[in-house]
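Ligands are counted one by one from 1 in listed order, and the atoms in each one are counted from 1 as well.
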Amino acid sequence: MTETFKIALDGPSGSGKSTLAKNLAKHYGFVYIDTGALYRTIGLFVAERGIASDDREAIVACLPDINIEMKLENGGGVVYLGGKRIGNEIRTPLCSKYASDVSKIPEVRAFLLETQRDIAKKNNVIMDGRDIGTVILPDAQVKIFVTASIEARAKRRFAELQERGDSATYEEVLADMKWRDANDKNRNIAPAVPAEDAVMFDNSGLNVEETLSAAIEIIDKVIKV
Ligand code: DC
């Protein structure tokens with residue numbers, strides 16, 4: 001089998017990673033994989049069972065009951081839980097918190113590892129997450145770590161939630177983002193930090209189109225070498 005092309009896109013929440021990843025996937029004709037959706041889905045499962053997000057033992061104990069799959073649909077990965085297609089129900093503040101907490105558990109990360117690697121073995125991918133360049137695809141040909149100031153990220157997330165009719169205030173969104181930054185960055189396993197060979201990309205002052213052009217420039221340099 002010929003080697004696939006892998007682009008790892010890591011960074012904190014609200015950095016615009018997922019919008020950028022979707023646009024890049026379209027531009028290059030690659031498959032888009034949102035790995036956060038896998039952690040969110042585990043979070044949803046655990047929350048629905050009434051288990052606390054920090055109850056590691058209970059969470060690990062229910063992993064064998066979780067049948068999670070990533071299927072390809074229209075050029076992107078879609079998560080299925082127990083055969084049921086997962087959509088926006090994982091995009092709630094509760095699932096964000098659960099996802100961030102369950103993602104600190106080594107058994108949960110190990111549980112989701114092959115699902116992620118498998119797709120990248122068979123397809124050219126743009127994979128967005130926290131540890132793609134460091135753990136999941138250390139051999140990715142391009143690694144980009146996307147950042148933006150916390151205020152810029154909170155503003156974007158706030159606008160997104162408002163559009164969806166969510167009543168969260170900007171202050172709540174900002175506080176939630178600060179908590180999640182620290183929780184994701186300071187964990188012992190696969191912390192959300194850039195790979196040594198990642199290109200750092202701060203898009204604080206850039207809109208969606210400018211972010212896409214700048215990223216294409218970074219990637220094309222590698223592709224054309
Ligand atoms: O990208 P996101 O906000 O949907 O991710 C939700 C949580 O999942 C995030 O707070 C940390 C965790 N996560 C992770 O640990 N590793 C990944 N590759 C993707 C997400």
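- When only non-hydrogen protein atoms are considered, atom 4 (O) of ligand 1 lies nearest to Arg40 NE, 2.6 Å.
- Scanning the protein for heavy atoms near atom 8 (O) of ligand 1, the closest one is Tyr39 CB, 3.5 Å.
- If you chain together hydrophobic residues whose side chains sit under 4.5 Å apart, Val135 and Tyr39 fall into the same group.
- Under a 4.0 angstrom heavy-atom cut-off, Arg109 registers as being in contact with ligand 1.
- Asp10 places no side-chain N or O within 3.5 Å of a backbone atom of Phe145 that could act as its donor or acceptor partner.
- Comparing heavy-atom distances from atom 2 (P) of ligand 1 across Arg157, Lys97, Arg130 singles out Arg130 as nearest.
- A distance of 9.5 Å separates CG of Asn67 from CZ of Phe45, quoted to the nearest 0.5 Å.
- Atoms of ligand 1 lying under 4.0 Å from at least one heavy atom of Asp131, given by number and element, are 16 (N), 17 (C), 18 (N).
- For the pair Gln116 and ligand 1, the shortest N or O to N or O distance does not fall below 3.5 Å.
- Protein heavy atom nearest atom 19 (C) of ligand 1, with residue, atom name and distance: Thr35 OG1, 3.4 Å.
- In Arg187, the part holding a heavy atom less than 4.0 Å from any atom of ligand 1 is the side chain.
- For ligand 1, one of its N or O atoms has an N or O atom of Arg180 under 3.5 Å away.
- At the top of the distance list for atom 7 (C) of ligand 1, counting protein heavy atoms only, stands Ala99 CB, 3.7 Å.
- For ligand 1, the polar-atom distance check against Ser13 finds no nitrogen or oxygen pair separated by under 3.5 Å.
- Note that CD1 of Ile68 and CG of Leu38 are 5.0 Å apart. Values are rounded to the nearest 0.5 Å.
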Worked check of side-chain contact (heavy atoms from CB on, under 4.5 Å) between Asp131 and Arg109: CA-CA 10 Å; Asp131 64 337; Arg109 304 202 73 84; 2.9 Å; yes
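- With hydrogens and angles ignored, the 3.5 Å screen pairs no side-chain donor or acceptor of Arg40 with any backbone N or O of Ala99.
- A donor-acceptor contact shorter than 3.5 Å is absent between the side chain of Asn123 and the backbone of Val125.
- Ring geometry for Phe5 versus Phe30: interplanar angle of 30 to 60°, hence tilted.
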